Protein chains: 2
Amino acid sequence: MTSEIEQSHAAISRSLELLWRGRGQRSRGPKPGLSLDAIVSAAVRLADREGLAALSMRRVAAELGVGTMSLYRYVPAKTELLYLMLDHVSAPNEPDEAEIAGESWLTRLERTGRETYQLYVDHPWLLQVNQSRPVLGPNSMLGLEYSLATLDGLSLTDPEKIQVIVTLDSYVTGTARHYALLRQAHEETGISDEEFWAAQGPAIEEAMREYSFPHLMRLSGEAFSMSQQSMLDFGLERVLDGIASFVAACQESRPDGPPETGQDHDCGPEDGATAGAGR
Amino acid sequence: MTSEIEQSHAAISRSLELLWRGRGQRSRGPKPGLSLDAIVSAAVRLADREGLAALSMRRVAAELGVGTMSLYRYVPAKTELLYLMLDHVSAPNEPDEAEIAGESWLTRLERTGRETYQLYVDHPWLLQVNQSRPVLGPNSMLGLEYSLATLDGLSLTDPEKIQVIVTLDSYVTGTARHYALLRQAHEETGISDEEFWAAQGPAIEEAMREYSFPHLMRLSGEAFSMSQQSMLDFGLERVLDGIASFVAACQESRPDGPPETGQDHDCGPEDGATAGAGR
DNA sequence: CTACATTGGGTACGTCGTACTCAGTACGGC
DNA sequence: GCCGTACTGAGTACGACGTACCCAATGTAG
């Protein structure tokens, strides 16, 4: 059992070496006809085009006009390839100091959120990859670094900063997932949403008769007519609003910056919004 | 190509028949030794225990002490089984009128969010199943029905109600995904978070030296020490706060209930929270 | 009792990830 | 220049997977 753990440790080291481009220098033998980047790029291209289900080592090799097993000279296993793909598409694209200059931290946070959303729209297969461990890729770490920079000087404790970042990321990821699942369903079945609901018609009515969903039935026809864009906009506005009022409350109750030892994030908002909204 | 669409239509009908328990009456032949419920329950048990990757038709059959192909007498394909599993775990558990009576719409919304979160914690494989099409299962529709009931009488338009529900669900889903991915990484590799970061140590330091992440380095040690519970609590509070202030603003600008023809959800919050929080 | 609809499940095909193996290549040391 | 050797590319093979197809066993309708 210890060996199993040691093996996993070795796997981590292997991933890290690949992620940080630590490929040792070569000396003898034929020059490699492939490169890690070429493989990862081809894999990303394939996943973008046909989805994660179609991403097999054989397909990637075919994409490169190469034998299947040749890939294993560069990548120890498919899992590691996925990690590399993950870091590959998380490329920075965030600097551009010029247009950032005049932005408030809130609009900068909003832009980060939208960029993350766009990342998932461009590469839906990201949602099916476990991102929790390879957070360690250089590009992924850059993202966190930028977000932390955005929140600098706001009198938030370190845990609070992380919580703010994770909250925004969770919302954006969840929304992107909704959208990606809809698209995927459309592409896999070849059925548009309209056709789908049309096909449902009879069964739904049957169901209505048996179970009765009063509020659902009372919905107007345009209840589901919002675009994905407006769905993202609406929720993003709510989330950022909630974050902003939290930060404002913190700012007010801690005029001299965040307390040294954090953990107590009880500078909640005034809760004035909630009052009077009861039913 | 038309046949392909027709085939998909047929697939939908098949799923619906199964979902709504429309199994026809039998007449001749031996009595079935299995039941749809038994299969779905066994599949859910297996997925809960060993994850979606371990859920194969052979494994489910073995779980039931039955030949593999026998399952296909009850389920047309694995996809349909997943849909059935999805609706199976989305069981109601929401009524309980007694304790609901005194709750405001906001706390009721919060409870819905927490229940959804718990659902994903109990059945992490849900996050890997495409839920966008089989929204039509009876249990899934019940969930939407309850949420709509919660938002009744709040002078929101129908699209706004949907947007509020989807916003909350997106956040909760995203958070649950973070948690599920962490757990999955732990279980698959057999490495705890502490061991993982310890193994990272050298590589991370190496990276720091080469790329330099000033804000990341300045983080205190306890920056990542929050529990999953407190992560959920923090973000949920922010999201609900943002929703509450939106509803309050709507309430104020529409004293006589929602306008008949919706779509224009421009009754944004006063934006007072954002003011003064600029950098 | 016979006919036949229905059920259980065995076999087989094409896919997958990848362990193992070996032929061919081209550089370091002489 | 030449050989030894480290290295690369790729074929073969194995055990998993979903499921199409087939047949034997079953038990009710007529």
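Lettering of chains follows the sequences in order, A, B, ..., and the numbering in each one begins at 1. What you are looking at is a predicted structure, and each value in this text was computed from that prediction instead of being measured.
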Visitor: Who pairs with A:Ser70 by side-chain contact (heavy atoms from CB on, under 4.5 Å), at least two apart in sequence or on another chain?
Guide: A:Val66
Visitor: For residues 39-51 of chain A, which residue pairs qualify under side-chain hydrogen bond (donor to acceptor under 3.5 Å, both in side chains), counting only residues two or more places apart or in two chains?
Guide: A:Arg45-A:Glu63, A:Asp48-A:His123, A:Asp48-A:Trp125, A:Arg49-A:Glu63, A:Glu50-A:Arg59
Visitor: Round to a whole Å and report the spacing from CG of B:Leu71 to C1' of C:dG8.
Guide: 11 Å
Visitor: Who passes side-chain contact (heavy atoms from CB on, under 4.5 Å) against B:Thr173, sequence neighbours left out?
Guide: A:Arg177, B:Tyr120, B:Leu127, B:Asp169
Visitor: B:Leu64 has an atom CG; how far is it from atom P of C:dG9, in whole Å?
Guide: 11 Å
Visitor: For every nucleotide of nucleotides 11-21 of chain C, 5' to 3': is a protein heavy atom under 4.0 Å from its base (B), only from its sugar-phosphate (S), or from neither (-)?
Guide: B----BBBBB-
Visitor: Excluding sequence neighbours, so at least two apart, what forms side-chain contact (heavy atoms from CB on, under 4.5 Å) with A:Ser170?
Guide: A:Val166, B:Tyr171, B:Thr175, B:His178
Visitor: Taking only residues two or more places apart in sequence or in another chain, which ones pass side-chain contact (heavy atoms from CB on, under 4.5 Å) with B:Arg114?
Guide: B:Glu110, B:Gln229, B:Leu232, B:Asp233, B:Leu236
Visitor: Expressed as a whole number of angstroms, how long is the span from A:Tyr74:OH to D:dT8:C1'?
Guide: 7 Å
